[in-house]
Amino acid sequence: MKLYYNPKSRAVIAKWMLDECAAKYEIVPIEFEKGEHKTPEFLRINPAGKLPALVDGESKIFETAAICLYLADKFAEANLAPRIGAPERGRYLSLMVYSTAQLEPALGDAMLGGQTSPQRGWADFETVRKVVEGELGEGPYLFGEWFTAADVMIGSMFMWRRMLGGQPDRPRLEAYVDRLIARPAAPKLGA
Ligand SMILES: N[C@@H](CCC(=O)N[C@@H](CS)C(=O)NCC(=O)O)C(=O)O
């Protein structure tokens, strides 16, 4: 497998997921300044011209959430996702999509000063944060003691927020971020 990577990009999340899976992979460094993500070769891997992108044999996967879903299913032995048919599967898929469809744009609005328009499909960060806090409950992870790819996707948004100097969050979410960054495979904030 090849991960197209730049350390200052969401590819860090895909790398975290690969490491949680104990996968063997090769890093292909991509320099944004050189436009390496817009070359015809790269656009054949990710037509959106963005990182991350993963190539696994004949399979080409783009979008961070899709990469995490793909890896969780491929490396079933890592136990990072409920199996198809398991009762937790629906909530797991919902959280995976929620991370990128609502949490990420809401956080972007909050961090970058954008106006949230609910018509666009996501709520304001305060609302989204409450949803995540509710889903986390007593934790320690979104599925209790079970760390899953949903923690990689959702947790990395709160890690990113901390890295960018967001005001301290609610204690439960701060403790969640502390737990995630303590994982040996987790990306080191600011590294
Ligand atoms: N929703 C996409 C976002 C990908 C994205 O915007 N990646 C950024 C880096 S974090 C990028 O490649 N930007 C370069 C560009 O758009 O030209 C995902 O999660 O994969």
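We count ligands from 1, going down the list as the structure has it; atoms in each ligand are counted the same way. One-based numbering along the sequence shown.
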Examine R91 relative to F143 and say whether NZ or CZ is less than 6.0 Å from the centre of the six-membered ring and inside a 45° cone about the ring axis. yes

Between ligand 1 and K8, is the shortest N or O to N or O distance under 3.5 Å? no

Below the 3.5 angstrom mark, is there an N/O of A65, backbone or side chain, next to an N/O of ligand 1? no

Which bit of F62 gets closer than 4.0 Å to ligand 1, counting heavy atoms only: side chain, backbone, both or neither? neither

Could you tell me, atom by atom, which parts of ligand 1 come under 4.0 Å of a heavy atom of S9? 9 (C), 10 (S)

Subset of ligand 1 atoms that lie under 4.0 Å from at least one heavy atom of T64: 18 (C), 19 (O), 20 (O)

Report yes if K38 has an N/O atom closer than 3.5 Å to an N/O atom of ligand 1; otherwise report no. yes

Protein heavy-atom partner closest to atom 1 (N) of ligand 1 - residue, atom, separation in Å: E63 OE1, 2.8 Å

Worked verdict on V28 versus L3 for side-chain contact (heavy atoms from CB on, under 4.5 Å): CA-CA 6 Å; V28 182; L3 175 68; over 6 Å; no

Check each heavy atom of H37 against ligand 1 and say whether those closer than 4.0 Å belong to the side chain, the backbone, both or neither. side chain

Would you call E126 and R170 a salt bridge, using N to O less than 4.0 angstrom? yes

Does any N/O atom on K50 come nearer than 3.5 Å to any N/O atom on ligand 1? yes

More than 12 heavy atoms of other residues, nucleotides or ligands under 6.0 Å from CD1 of I84: yes or no? no

The reported gap from CG in D151 to CG in L180 (rounded to nearest 0.5 angstrom) is 6.0 Å

Atom of M17, atom of A149 and distance for their closest heavy-atom approach: CE-CB, 3.7 Å

Among R10, M153, E104, closest by heavy atom to atom 5 (C) of ligand 1 is R10

What is the nearest protein non-hydrogen atom to atom 4 (C) of ligand 1, stated with its residue, atom name and distance? L51 O, 3.3 Å

Before giving the answer on side-chain contact (heavy atoms from CB on, under 4.5 Å), spell out for F32 and H37 the whole-Å C-alpha distance, their side-chain angles and the decisive distance to 0.1 Å. CA-CA 6 Å; F32 289 127; H37 55 315; 3.5 Å; yes

Under 4.0 Å from a heavy atom of P52: give me the atoms of ligand 1 that qualify, with their elements. 20 (O)

Tell me whether E104 is salt-bridged to R10, with the criterion being a basic N under 4.0 Å from an acidic carboxylate O. yes

